[in-house]
There are 2 protein chains.
Amino acid sequence: MSGRLMKVISKSGEYGLRALLYMASNQKNKGYFNIRDMSEELDISFHFLTKILQVLTQKGILQSYRGPNGGVGFFKNPEEITLSAIIRALEGDDFFDKCLLGLPGCGERQPCPMHAYWMDIRNNLKYEFETTSLADLGQDTREKQFRLIA
Amino acid sequence: MSGRLMKVISKSGEYGLRALLYMASNQKNKGYFNIRDMSEELDISFHFLTKILQVLTQKGILQSYRGPNGGVGFFKNPEEITLSAIIRALEGDDFFDKCLLGLPGCGERQPCPMHAYWMDIRNNLKYEFETTSLADLGQDTREKQFRLIA
DNA sequence: AAGATTAAAGAGTATTTTATCTTAAATAAA
DNA sequence: TTTATTTAAGATAAAATACTCTTTAATCTT
Ligand code: SF4
Ligand code: SF4
């Protein structure tokens, strides 16, 4: 009931994003990123991070290489990787298609009083996540901003 | 990694909100709302719901009465209860003051690349939650809407 | 080919969240 | 005053999430 943070994504999502951001901003280093090094740099459990990056690899966001000097690297350019794709990979493909409240068995036909309200917020978040790339975040060059009107 | 919904609030928060919405839209019934009845109506575990409503009572949103014909009722009018107050009561007072990602030990001084981005979203949500009352939601009379500009 | 390095995969543990069960306290009605 | 009703409170259990450990497979270096 207290101490909890406003948190939309799980730890897996958080760690995955942090790792990807780290990678995006250290790309000069051409080769593969060593997961052990990253886990130490980011202070995330090596095994846990490995699992998360594994998923990102399976989802086609990263590619991996085993053996000496192996590791993980981008499969696509950070410019082409949307926040949406990352979150969907780590939180489930339907992340942006469900209710923010998480209520089951409801929808357009029997909407709760909050429906229209949540849909506004959700669609807005969805749009932002779909139109923002990893590179956008890493370089913080975006100029878009939310604004409330009317 | 799958099956998870985009869920900002916990089950406690969801159940609490649902109960409050139910109460707000059944207010003709002047007396106290029986928690057992509500738990059946809303299909929420009686004991769990009781705990949640207990918190709302402790936080001054509801008032309770024990004994026959007892139950819970609004302490303030639904018009005066903001969504923000409800969520803060159930999710923690700092819910809207922390990072959406939940990362600890960071802030304005050492912002991660997502900082400005998240702050936009967060402030927007915060504003909406603070300016929306339970009655607004229950009657769905709000005309405000999000819109992305620039 | 042999050994070292590194990610993949799967099993197991710990912590947190959600839910239930039991007992206590307050109130009302008989 | 006794009994029934109802919320409060605390202990316990189940489920979900987060994290760790161990083994396997791929790749490189020698
Ligand atoms: S009706 Fe309410 S609970 Fe259902 S999806 Fe819409 S906002 Fe969510
Ligand atoms: S710097 Fe990043 S992690 Fe920290 S509060 Fe801002 S958005 Fe959240």
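Chain identifiers are assigned alphabetically (A, B, ...) following the order of the sequence lines, protein sequences preceding nucleic acid strands; residue numbering begins at 1 within each chain.
A cation-pi arrangement is found for B/Arg36 relative to B/Phe46, the charged atom lying closer than 6.0 Å to the ring centre and inside a 45° cone about the ring normal.
Each of A/Ile44, A/Thr50, A/Val72, A/Asn26 was evaluated against A/Met38; a single residue qualifies, A/Val72, per the side chain to side chain contact (heavy atoms under 4.5 Å, CB included) test.
Close to C/dA7, at under 4.0 Å from its OP1 or OP2, lies no side-chain N or O of A/Gln54. For B/Ser12 and C/dT17, the shortest distance from a side-chain N or O to OP1 or OP2 is not below 4.0 Å. For C/dA9, the OP1/OP2 oxygens have a side-chain nitrogen or oxygen of A/Gln58 closer than 4.0 Å. A/Ser64 has no side-chain polar atom (N or O) that falls below the 4.0 Å cut-off from OP1 or OP2 of C/dT6. Side-chain nitrogen and oxygen atoms of A/Tyr15 include at least one within less than 4.0 Å of the OP1 or OP2 phosphate oxygen of D/dC19.
One atom, NE2 of B/His47, and another, P of D/dA14, lie 16 Å apart when rounded to the nearest Å. Nucleotide D/dA18 holds its P atom 9 Å from the CD1 atom of A/Ile52, rounded to whole Å. Following rounding to the nearest Å, A/Tyr32 (OH) and C/dA8 (C1') show an atom-to-atom distance of 15 Å. Taking atom CZ of residue B/Arg66 and atom P of nucleotide C/dT23, one finds them 17 Å apart after rounding to whole Å. If you measure from atom CG of B/Asn69 to atom C1' of D/dA4, you get 11 Å, rounded to the nearest angstrom. In this structure, NZ of B/Lys11 is placed 15 Å from C1' of D/dA14, rounded to the nearest angstrom. If you take CD of A/Gln63 and P of D/dT27, they are 13 Å apart, rounded to a whole angstrom. Atom CD1 of A/Ile9 and atom P of D/dA16 are 21 Å apart (whole Å).
Within 6.0 Å of atom CZ in A/Phe75, 12 or fewer heavy atoms from other residues, nucleotides or ligands are found, so the atom counts as exposed in its surroundings.
For A/Asn34, whose side chain is taken as the heavy atoms from C-beta onward, the closest listed nucleotide among D/dA8, C/dA7, D/dT20 is C/dA7. Side-chain proximity of B/Lys51 to D/dA11, C/dT18, D/dC19: nearest is D/dA11.
Nearest-nucleotide mapping onto DNA chain C: of A/Arg36 and B/Ser45, the residue sitting toward the 5' end is A/Arg36. In terms of position along DNA chain D, the nucleotide closest to A/Phe48 lies nearer the 5' end than the nucleotide closest to the other residue of the pair A/Phe48 and A/Pro68. Where A/Tyr65 and A/Ile44 each meet DNA chain D at their nearest nucleotide, the meeting point lying more 5' is that of A/Ile44.
Using modelled atom types, no side-chain atom of A/Thr132 and backbone atom of A/Phe129 make a donor-acceptor pair closer than 3.5 Å.
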Notebook entry, point to check: Can A/Glu91 and A/Ser10 be said to form a side-chain hydrogen bond (donor to acceptor under 3.5 Å, both in side chains), step by step?
Noted result: CA-CA 7 Å; A/Glu91 304 287 347; A/Ser10 68; 2.9 Å; yes

